[in-house]
Amino acid sequence: MKIAVACDHGGFPLKETVIEIVRALGYEPLDLGTDSMESVDYPDYAKKLGNAIQQGAAERGILMCGSGVGANIAANKMKGVYAAICHDTYSAHQGVEHDDMNVLCMGARIIGVEPAKEIVTAFLGARFVGNDAGEERHARRVKKVRELEK
Ligand code: RB5
């Protein structure tokens, strides 16, 4: 599975760690920048990552800024992108399992390297359960979210 990874300058301190853990978990990272602490605009990187998801170049994405907030807001403006800030492992896996989240947002000014590794591991290890027997309610709710998107 290909995983798009992008950040602004605020998220850059976490990017290399994220790429390393994505690779260590057996996934293929798609590095969409930015590549330094030089100031850039987070919507530009949310757009790159969202386009990669929309075009099928990556199945999921990990997007970082200083707080995770700007990245999250921008990413969710893009059709087919279902992003959430997760600074804990429970949200990172439950967001996929119940809500079909496909983009994980984190703030590099909020969490450190070790929590980020665990959060990425929880996110990538999770699968949407809405198609499993007895879990149809999640598919029903996600379908309603898709309706809102229209
Ligand atoms: C950039 O300074 C900062 O505003 C940005 O990374 C992000 O935290 C916005 O939500």
Side-chain angles (χ1 to χ4, degrees), residues 1-128 130 138 141-150:
M1 195 197 306
K2 275 201 182 165
I3 310 297
V5 179
C7 62
D8 73 353
H9 56 289
F12 181 70
L14 275 185
K15 192 180 80 166
E16 213 40 57
T17 297
V18 166
I19 286 175
E20 280 168 19
I21 189 76
V22 165
R23 201 172 279 127
L25 290 166
Y27 303 98
E28 193 180 336
L30 177 64
D31 183 353
L32 300 175
T34 190
D35 299 312
S36 76
M37 298 289 286
E38 190 180 325
S39 183
V40 292
D41 297 336
Y42 62 79
D44 297 336
Y45 291 87
K47 186 176 178 185
K48 283 175 195 254
L49 185 133
N51 284 339
I53 304 261
Q54 288 172 333
Q55 292 161 9
E59 197 169 316
R60 291 192 199 174
I62 302 172
L63 184 60
M64 293 152 290
C65 66
S67 62
V69 174
N72 192 15
I73 291 172
N76 276 316
K77 296 295 177 196
M78 300 187 71
K79 191 171 168 54
V81 173
Y82 308 105
I85 301 178
C86 299
H87 289 147
D88 67 279
T89 55
Y90 178 78
S91 306
H93 68 80
Q94 200 222 243
V96 176
E97 291 159 357
H98 290 188
D99 311 321
D100 209 13
M101 169 175 73
N102 58 7
V103 173
L104 166 68
C105 297
M106 297 185 291
R109 295 176 186 156
I110 312 299
I111 54 162
V113 160
E114 295 306 324
K117 284 184 195 170
E118 293 186 14
I119 290 162
V120 169
T121 303
F123 170 62
L124 294 181
R127 296 289 171 268
F128 179 56
H138 300 302
R141 291 163 187 162
V142 163
K143 189 164 171 274
K144 289 186 179 184
V145 173
R146 303 288 190 267
E147 290 296 320
L148 293 175
E149 196 174 18
K150 292 174 191 165

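Note that the numbering runs from 1 along the sequence shown for the chain. Read the numbers this way: they start at 1 and go in the same order the structure lists the ligands and their atoms.
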For a distance cut-off of 3.5 Å, show me each N or O of ligand 1 paired with any protein N or O, plus the separation.
residue  : atom   : partner : partner atom : Å
ligand 1 : 2 (O)  : H9      : NE2          : 3.4
ligand 1 : 2 (O)  : R109    : NH2          : 3.3
ligand 1 : 6 (O)  : D8      : OD1          : 3.3
ligand 1 : 6 (O)  : D8      : OD2          : 2.6
ligand 1 : 6 (O)  : G66     : N            : 2.7
ligand 1 : 8 (O)  : G66     : N            : 3.1
ligand 1 : 8 (O)  : S67     : N            : 2.9
ligand 1 : 8 (O)  : S67     : OG           : 3.2
ligand 1 : 10 (O) : S67     : OG           : 3.1
ligand 1 : 10 (O) : G70     : N            : 2.8

Exercise: identify the closest heavy-atom pair between A58 and I3:
CB-C, 4.3 Å
Please identify each residue that fulfils salt bridge (charged side-chain N to carboxylate O under 4.0 Å, His left out) with D31, with sequence neighbours left out.
K15
Who passes salt bridge (charged side-chain N to carboxylate O under 4.0 Å, His left out) against K117, sequence neighbours left out?
E114
Would you say that more than 12 heavy atoms from the other residues, nucleotides or ligands in this model lie under 6.0 Å from the CD of E149, or not?
yes
Working note: V96 + R60, criterion side chain to side chain contact (heavy atoms under 4.5 Å, CB included); need CA distance, chi angles, decisive distance, verdict.
CA-CA 10 Å; V96 176; R60 291 192 199 174; 3.7 Å; yes
Mind jotting down which residue pairs meet the ring pair (Phe, Tyr, Trp, His ring centres under 6.0 Å) criterion with at least one end in residues 83-126? Sequence neighbours excluded, please.
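Qualifying pairs: Y90-H93, H98-H138.
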